[in-house]
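A short write-up of the structure that comes next.
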Amino acid sequence: MDASHRNRYLEAIGVDVWVRRPGGPLGALEIPERAQALAPQPAPAVPTLEVAEATEPVSDLAEPWQALRTEILGCTRCGLHKTRTQGVVGVGPQRTDWMVIGEAPGAEEDRRGEPFVGRAGHLLDAMLRAIGLDRRTNVYIANVLKSRPPNNRDPKPEEVAACLPYLMRQIALLQPRLMLAVGRIAAQNLLSTDMSLSRLRGKVHHFGELNTPLIVTYHPAYLLRTPADKRKAWEDLKFARSVFRELTDRVGIDGNLP
Ligand code: SF4
């Protein structure tokens with residue numbers, strides 16, 4: 001991806017980019033005021049990320065995915081089934097290297113049956129595209145909870161406990177190499193901690209029996225309310241991409257990562 005494409009993606013997520021001052025000497029860069037305050041780093045080239053080769057035919061995954069979907073849509077394990085419009089399973093390929101996990105469906109997701117739609121979803125898509133990911137082809141997006149809590153309240157521990165087995169089955173089917181937890185609630189529930197999001201960022205955590213690497217960043221809905229933190233989210237995405245690159249290098253994937 002060339003610099004102009006990359007800059008368009010960064011502009012789409014609201015991250016200021018370095019611009020050469022017209023007529024200025026080589027290396028003279030005009031830095032937007034907001035970016036100066038945030039001490040930006042020049043953005044690296046955007047890689048095209050390798051999609052995992054399925055170790056079994058996709059046709060073998062279709063049946064367990066369909067069974068899981070049917071169970072979630074008919075689930076009554078917790079009280080949220082009484083107030084939801086529909087269960088929201090997730091979106092993406094049946095097996096993939098990257099998985100994004102949020103908190104729970106909001107009103108729009110509950111209505112449309114897909115996670116991360118609306119303004120927050122558009123921002124998430126732009127953030128993912130900035131590191132070469134696309135929700136339809138090489139990243140799976142889901143939530144900890146599959147049903148919407150009324151009035152978007154925080155999930156209750158018993159609701160998370162009831163719903164987590166579905167997420168575990170999704171992870172077992174996907175076998176992601178890297179998980180990205182977006183938002184405090186998702187991160188705290190996945191990591192069983194009450195640490196703040198700022199303390200959870202910038203580290204590689206691990207999740208579940210597969211010990212899957214997990215990185216924490218901001219929820220796009222928060223970033224819409226607090227655009228000054230978009231640059232930190234961009235740093236998190238670059239960190240995730242570098243961790244993924246190390247992982248794939250270690251296992252010898254012959255990809256086209258830079
Ligand atoms: S939130 Fe999860 S456990 Fe509760 S009803 Fe929905 S699918 Fe079932």
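Order of listing sets the numbers, starting from 1, for every ligand and every atom in it. Quick caveat, the model's predicted, so the values are computed rather than measured.
Of the residues listed (Gln170, Glu71, His81), the one engaging Lys146 in a side-chain hydrogen bond (donor to acceptor under 3.5 Å, both in side chains) is Gln170, and it is the only one.
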side-chain contact (heavy atoms from CB on, under 4.5 Å) between Arg111 and Thr85, worked out: CA-CA 6 Å; Arg111 191 176 65 77; Thr85 303; 5.6 Å; no
Could you go through Leu178 and Met99, starting from their C-alpha distance and side-chain angles, then the distance that decides it, and tell me whether this counts as side-chain contact (heavy atoms from CB on, under 4.5 Å)? CA-CA 6 Å; Leu178 192 76; Met99 184 175 193; over 6 Å; no
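Scanning both residues, Asn143 and Pro105, for their nearest heavy atoms gives ND2-N, 3.6 Å.
The atoms of ligand 1 that sit less than 4.0 Å from any heavy atom of Cys163 are 1 (S), 2 (Fe), 3 (S), 7 (S). Atoms of ligand 1 lying under 4.0 Å from any heavy atom of His81, numbered from 1 in the order shown and given with element: 5 (S). For ligand 1 and Arg77, the ligand atoms under 4.0 Å from any heavy atom of the residue are 3 (S).
Ring pair Trp98/Phe244: centre-to-centre distance below 6.0 Å. In summary, the aromatic rings of Trp65 and Tyr166 are positioned with their centroids too far apart to meet the 6.0 Å limit.
Contact annotation: for Arg84 versus ligand 1, heavy atoms closer than 4.0 Å belong to the side chain alone.
The nearest heavy-atom contact from the protein to atom 8 (Fe) of ligand 1 is Cys75 SG, 2.3 Å. From the protein, the heavy atom lying nearest to atom 6 (Fe) of ligand 1 is Ser147 OG, 2.2 Å.
With a cut-off of 2.8 Å, atom 2 (Fe) of ligand 1 has no N, O or S atom of Cys78 in range.
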